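These figures come from a predicted structure and were not determined experimentally.
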Amino acid sequence: MLEINIGQINYLTPPPYGIWLPPHVQHSGINRNDVTYCTLYVHETLCQHMPQQAGILLSAPLVPALLEHLRKSPFAEQDPEYLRLLQVLLDTLGHAELVGSYLPTTQHPALAKILAHLHASPADNSTLEQLAHKINMTERTLARYSQKELGMSLHEWRQRLKVMKAMSMLNQGKTIESIALDLGYASSSAFIYMFRRWMHCTPDQFRKLYPVNAS
């Protein structure tokens, strides 16, 4: 997980997404665990079509593939192919969705209580109605607060939480079967399907792509 602090906000993002920092934004990195990452510097004159505020870029799978290709290829600075690839990279980043956080938080006391519960019990598969009942709220009201406070449905937030929990467990060397059970899935295949849908790779592929001891 890559974490950057800007002012009073911590931006947390999992691979393969990145954190966009506009020119002249003071920031600091917070590495709570070993982190391997790539930094791309974009000249200020090329930032007109990039977001004007910091945030998480939910970029297409093409971005990490291009970055890896550029890193491994011995291009000269003025090589036409190199410049074309850089332009494709910049164009792709310019069309990426920007969000405030991959896993948003809230100051709403009732909704915060539900999020804390799901953090502590990711295997809880309670329905939206059951979760709403825990905080004496209707299903419709909880859905509305989730969209307003988090910018997404509670279902999507739970999926993102499970993805982040899964990545941490994968880095700890846990088996796919045990991770699936810890996250409340009836089978390994159901967990693998969810993970692949969100991360565009299987859990085993993720472990190979992002080894915890990478240098």
Side-chain angles (χ1 to χ4, degrees), residues 1-6 9-20 27-39 54-61 63-65 67-68 96-106 111-126 131 146 149-215:
M1 303 293 172
L2 183 63
E3 192 169 356
I4 298 289
N5 176 269
I6 304 173
I9 302 176
N10 284 357
Y11 292 84
L12 180 71
T13 183
Y17 306 124
I19 298 177
W20 166 250
H27 60 279
S28 59
I30 307 170
N31 295 331
R32 304 177 192 274
N33 301 292
D34 291 339
V35 176
T36 300
Y37 64 95
C38 171
T39 303
I56 310 302
L57 280 179
L58 301 183
S59 53
V63 171
L67 288 170
E68 182 66 9
E97 181 184 357
L98 186 79
V99 297
S101 176
Y102 186 77
L103 196 68
T105 57
T106 178
L111 182 56
K113 183 178 179 181
I114 290 296
L115 301 189
H117 167 72
L118 294 174
H119 259 294
S121 306
D124 185 343
N125 288 320
S126 298
L131 291 173
S146 298
E149 295 286 323
L150 306 175
M152 64 186 71
S153 68
L154 190 58
H155 173 74
E156 179 175 345
W157 191 92
R158 293 172 82 175
Q159 294 294 297
R160 293 189 181 199
L161 172 68
K162 290 190 177 190
V163 166
M164 295 186 75
K165 295 278 188 182
M167 286 189 286
S168 177
M169 294 179 195
L170 286 167
N171 283 336
Q172 293 168 17
K174 289 190 174 182
T175 65
I176 304 300
E177 291 77 11
S178 65
I179 295 174
L181 290 174
D182 288 344
L183 295 180
Y185 290 95
S187 66
S188 299
S189 58
F191 162 65
I192 293 170
Y193 176 82
M194 180 280 297
F195 192 91
R196 187 169 191 170
R197 176 173 174 267
W198 284 93
M199 299 306 297
H200 309 292
C201 64
T202 67
D204 280 334
Q205 288 169 336
F206 175 86
R207 211 176 333 229
K208 293 173 183 176
L209 284 169
Y210 306 104
V212 71
N213 61 347
S215 58

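Between D204 and R207, the closest side-chain pair of non-hydrogen atoms falls below 4.5 Å. Within the 4.5 Å cutoff, the side chain of I4 has no heavy atoms near those of the S28 side chain. Under the 4.5 Å side-chain criterion, counting only non-hydrogen atoms from C-beta, I114 is not in contact with H117. Side-chain contact between L118 and K113: absent, with no pair of heavy atoms (C-beta onward) separated by less than 4.5 Å. Taking the side chain as every heavy atom from C-beta outward, I56 and I19 approach each other to under 4.5 Å. Side chains of L103 and H119 form a contact here, defined as non-hydrogen atoms less than 4.5 Å apart. Contact annotation: the side chain of Y17 never approaches that of V63 to less than 4.5 Å [non-hydrogen atoms, C-beta and beyond].
Scanning both residues, A112 and T106, for their nearest heavy atoms gives N-CG2, 3.7 Å. Residues S146 and S153 come closest through the heavy atom pair CB-C, 4.4 Å. The minimum heavy-atom distance between A166 and L183, with the atom names listed, is CB-CD1, 3.8 Å. In terms of heavy atoms, G184 sits closest to N125 at O-ND2, 2.7 Å.
Once rounded to the nearest 0.5 Å, the distance linking OH of Y37 with CG of L67 reads 14.0 Å. The line from OG of S168 to CD1 of I179 is 9.0 Å long, rounded to the nearest 0.5 Å. If you take NZ on K208 and SG on C201, they are separated by 11.5 Å, rounding to the nearest 0.5 Å. Rounding to the nearest 0.5 Å places CE of M199 at 9.5 Å from CE of M164.
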Please tabulate, for the side chains in residues 187-197, all donor-acceptor contacts under 3.5 angstrom to protein atoms that are two or more places apart in sequence or on a different chain.
{"from": "S187", "atom 1": "OG", "to": "S189", "atom 2": "OG", "distance (Å)": "3.0"}
{"from": "S187", "atom 1": "OG", "to": "A190", "atom 2": "N", "distance (Å)": "3.2"}

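With sequence neighbours excluded, the residues forming a salt bridge (charged side-chain N to carboxylate O under 4.0 Å, His left out) with E68 are R71, K72, listed by chain and number. Take D124 and apply the salt bridge (charged side-chain N to carboxylate O under 4.0 Å, His left out) test, not counting sequence neighbours, and it matches no residue. With sequence neighbours excluded, the residues satisfying side-chain contact (heavy atoms from CB on, under 4.5 Å) with P104 are L150, M152, W157.
Side-chain N or O atoms of Q205 include one that pairs as donor or acceptor with a backbone N or O of T202 at under 3.5 Å.
Pairs of residues two or more places apart, or lying in two chains, that qualify as salt bridge (charged side-chain N to carboxylate O under 4.0 Å, His left out) and include a residue from residues 150-171 are E156-R160. Sorted by first and then second residue, the salt bridge (charged side-chain N to carboxylate O under 4.0 Å, His left out) pairs with a member in residues 171-192 read K174-D182; sequence neighbours excluded.
Other residues, nucleotides and ligands contribute more than 12 heavy atoms inside 6.0 Å of the NE2 atom of H200.
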